[in-house]
Each structure stands twice: as structure tokens, then as C-alpha cells.
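Every heavy atom of this structure was used, including side-chain atoms; hydrogens, water molecules and symmetry mates were not.
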Number of protein chains: 2
Amino acid sequence: MKNLLYLKDDHIKDFIEQIFYAYRETYSDPKKILKKYSFGTAHHRAIHLIERYEGITISGLLNKLKITKQSLNRVLRDLIKNKSIIVKKGEIDSRQRHIFLNEKGKKLFNEIFLEQKKRIHNALKNLDSDSVLKFKNVLSKIINE
Amino acid sequence: MKNLLYLKDDHIKDFIEQIFYAYRETYSDPKKILKKYSFGTAHHRAIHLIERYEGITISGLLNKLKITKQSLNRVLRDLIKNKSIIVKKGEIDSRQRHIFLNEKGKKLFNEIFLEQKKRIHNALKNLDSDSVLKFKNVLSKIINE
DNA sequence: TATTTTGGGTCAGTTATATTGACATATCTA
DNA sequence: TAGATATGTCAATATAACTGACCCAAAATA
């Protein structure tokens, strides 16, 4: 930290508060859409990761979501029943399950993403690329630790 | 947006994912401390705001937390019972209730904050002040919309 | 002053999402 | 073949939210 001004406790408290708002708002936007399908934010998070990491395994999802497999299972059961995802046995290791969005899931993801995109797009549209890069960098440092 | 590269969908999807991780990690750190007091993250969020906005009213808290008053009431009852907060009638408008941390609440807040601070401090310690300012700026734009 | 609105409190029931703990099964690895 | 790994499932419980229906007191206003 080259400038201690930005490390004062009040600044850090502000960050903690703002990170909460940013998360809440970003994940609130698509709730009406999810409700149409009788899904919630837990389903949303799973769908998001399955889209981002095509073919992700159960343990892969568990590592990213950091929930128990019982919790994840409820969510995946709903998504399978709804035909939004398909699960394939691993070819190399047939114990593993690889998860994919199918057509219905892709449509749902796109609907959800369109809602979320608005907020991020609006936030970034008048910013220079340096701001965006630095935002991403700080965010990743907060996550990694 | 002066450089469209940073507005590509995949970048926005990354942000959405990273905002989730940042929130989850930041609010996971103090969970062991909260558990000692039989509190959860709902109590944590309330305490945080009461510390930041000393004397905040019930409706003030409701506006920031965006939960129902029934939900908030459960949390505040626990905090009052535990003697972490005190509630005072408004002098100008005696319908209002102003909420304050008392000594016990301040100690609890500090314990919680110390845990959370580590993560943010570590993230920022090797960054220049420009990064920190730009991070804050983007975050506030995401919130405001 | 009479009426309406606002700020807050509460009861009751329900939903969403997560937890712990105990097992079961199939498959891979040493 | 024995043990570890990946996954699935049953049951009970916890946490944090919700909806809806009321209530009271105090402030604002017609």
C-alpha cells in the first residue's frame, strides 16, 4: 500500500458494505425471471457456473459453490427435472458426472444474464478500460487471499 | 466505455461470478466469531450498519437491508436481548426508534471487523491508491445503477 | 378538530437454502 | 484385493427470509 489514506478502517468498512450491496443488487435483478421457472438464487448460481465451466463435475461445482453435496443435489435435481441441464458419465473416470446446459438451460441462462448484464453494462459504459481492469484486479485479490 | 474489449459478455460474466465470491468470502470470515454469540450473518449485517450509521432508524435499516420488518425484528430482538444494541425513542418524532451499539455491541463489532479487515487489507496492501479509488468507483456505479 | 398517514411492533404460517450425520454404491488406485 | 474417491440419498434441523393480517401511537393534514 503506497498510500495509507486508503487503508483507514472507515474505508475498509465502506468496502465491506459496498460489496454486500453489489452482490445483493446484482443477484436480485433476475429474480422475477427465476420465479417464472420456480427457481431461486441457488439455481441461478449453479446455472451460471455450469454455463461458464461446461462439463464441470459435481465436485467441481461443490468447490466453487462451497455448499454441501446435499444442498447442491436438491438444486441439480430441480434443474434436471426441468430439463435445463443434462448429466453425463465421465468417459475417463465413470464415477464422475459432467454437467451441461441443454437448449432449455441455455435459454434460461441467457434470459437471466440479460437482466444482470444491464446493471454491469450501465456501470461500466462511461468508464475507461483502466478502471475496469483495476476493478477486476482488486476483486480477484479480495477473492484469492 | 472507451474500449469495448472490456464489455464483452464473457467479461461481464466473470464480474458476476467474482462479485459472488467476493461477497461470500468477505462475509464468511467472521462466522466463527458470530457463532460464539449464537448470531448469524443477518445479525452481522445489522450490526455493521448500526455501527456505520449511528442512531439509524428502523426504516433506515430496512431501506439499506431491503428485508421485511418482520425479518429485521427477529434480528434486532436477538441483539437487544444480548445487550449489544440499545433503542431510543426519537426526540423530534417520537414514533421513530434510533438504534445504537452499546459497549458489548462495539466489542462484538470490532471482533468481527478485525476478521474481515484482514482480507481487504491483504488485497489492498500492495496496490497503488489509484487502483483502490477506481475499485471503489466501479463498485459504487454497480450499486447505484 | 377529525381523519389519514406514517413508523413501528407482532402473531402465525410458509418458503428457500443451507446444515449435520449416517449410509449406500460404483469405480478407481495402489 | 483393500482402501480411497465420486456421487447419491434419507432424515432431521437451522437460518433467514417471505406473505398476510392485525395493532397502536404519533404525526401530518384536510
Side-chain angles (χ1 to χ4, degrees), chain A residues 20 23-25 27-28 30-50 55-82 85-99, chain B residues 20 23-24 27-28 30-50 55-82 85-100:
Chain A
F20 162 60
Y23 166 74
R24 186 193 54 200
E25 296 303 313
Y27 282 81
S28 289
K31 277 187 176 167
K32 301 130 213 158
I33 291 162
L34 288 159
K35 202 149 202 176
K36 286 197 305 183
Y37 296 84
S38 300
F39 290 150
T41 300
H43 303 88
H44 174 188
R45 286 193 293 254
I47 286 174
H48 187 100
L49 292 174
I50 294 164
I56 191 170
T57 62
I58 299 291
S59 61
L61 270 180
L62 288 175
N63 285 330
K64 290 191 181 298
L65 291 169
K66 292 197 182 153
I67 56 175
T68 59
K69 64 179 171 173
Q70 294 91 322
S71 290
L72 178 58
N73 231 272
R74 173 188 64 91
V75 169
L76 293 182
R77 259 199 303 263
D78 293 343
L79 293 172
I80 291 165
K81 194 186 296 168
N82 173 270
I85 61 172
I86 42 167
V87 175
K88 291 179 185 166
K89 266 196 184 179
E91 292 185 358
I92 297 158
D93 185 337
S94 73
R95 292 172 304 178
Q96 291 187 325
R97 304 284 177 264
H98 297 279
I99 310 170
Chain B
F20 162 60
Y23 166 74
R24 186 192 54 200
Y27 282 81
S28 290
K31 277 187 177 167
K32 301 128 213 160
I33 292 162
L34 289 159
K35 202 149 202 175
K36 286 197 305 182
Y37 297 83
S38 301
F39 290 150
T41 299
H43 303 89
H44 174 189
R45 286 193 293 255
I47 287 173
H48 187 101
L49 293 174
I50 295 165
I56 191 171
T57 63
I58 299 291
S59 62
L61 270 179
L62 289 175
N63 285 331
K64 290 190 180 301
L65 290 169
K66 291 197 182 156
I67 56 176
T68 58
K69 64 178 172 174
Q70 293 91 325
S71 290
L72 177 59
N73 230 272
R74 174 187 64 90
V75 169
L76 294 182
R77 260 198 302 262
D78 293 344
L79 293 172
I80 291 166
K81 195 187 296 168
N82 173 270
I85 60 171
I86 42 168
V87 175
K88 292 178 184 166
K89 266 194 185 180
E91 292 186 0
I92 296 157
D93 184 338
S94 73
R95 290 172 303 178
Q96 292 186 326
R97 304 285 176 263
H98 296 280
I99 312 170
F100 302 84

Whole-Å gap separating P (D:dA16) and CD1 (B:Ile47)
12 Å
Minimum heavy-atom separation for A:Ile50 and A:Ile99, please, with both atom names.
CD1-CG2, 3.7 Å
Looking for any heavy atom pair under 4.0 Å, which part of the strands does B:Ser94 touch: base, sugar-phosphate only, or nothing?
sugar-phosphate
Looking only at heavy atoms, what is the nearest atom pair of B:Gly55 and B:His98, with distance?
O-ND1, 2.7 Å
Quick one: label A:Leu65 by what it contacts on the DNA or RNA (base, sugar-phosphate, nothing), any heavy atom closer than 4.0 Å.
nothing
I want to confirm an ordering. Mapping A:Val75 and A:Gly90 to their closest nucleotides on DNA chain C, which one lands closer to the 5' end?
A:Val75
Minimum heavy-atom distance B:Gly60-B:Ile56, with the two atoms named
C-CD1, 3.7 Å
Picking from D:dA26, D:dA17, C:dT19, the nucleotide nearest the side-chain atoms of B:Asp93 would be D:dA26
Can you give me the closest heavy-atom contact between B:Lys64 and A:Arg24, atom names plus distance?
O-NH1, 2.7 Å
Please report the closest heavy-atom contact between B:Thr41 and B:Tyr23, naming both atoms and the distance.
CG2-OH, 4.3 Å
Rounded to the nearest angstrom, tell me the gap between atom CZ in A:Phe39 and atom C1' in C:dT15.
16 Å
Could you tell me how far apart B:Asp78 (CG) and D:dA17 (C1') are, to the nearest whole angstrom?
14 Å
What string of B, S and - do you get for nucleotides 7-15 of chain D, 5' to 3', if B is base contact, S is sugar-phosphate-only contact and - is no contact with any protein heavy atom under 4.0 Å?
BBBB-----
Kindly say if A:Ser71 contacts the phosphate of C:dT19, meaning a side-chain N or O under 4.0 Å from OP1 or OP2.
yes
How close do B:His43 and B:Asp78 get, heavy atom to heavy atom, and via which atoms?
NE2-OD2, 2.8 Å
Atom CD1 of B:Ile92 and atom P of D:dA28: how far apart are they, to the nearest Å?
10 Å
Gap between atoms CG and P, on A:Leu72 and D:dA6 respectively (whole Å)
15 Å
Can a side chain N or O of B:Thr68 be found less than 4.0 Å away from OP1 or OP2 on D:dA17?
no
Suppose we screen for side chain to side chain donor-acceptor pair (under 3.5 Å). Which residues come up paired with A:Lys89, at least two apart in sequence or across chains?
none
Using a heavy-atom cut-off of under 4.0 Å over every strand shown, decide if B:His44 touches base, sugar-phosphate, or nothing.
nothing
What is the distance, rounded to the nearest whole Å, between atom NE2 of A:His43 and atom P of C:dA16?
9 Å
Protein-nucleotide distance (B:Leu61, atom CG; C:dG9, atom P), rounded to Å
11 Å
Starting from C1' on C:dA18, measure out to CZ on B:Arg24 and report it in whole angstrom.
13 Å
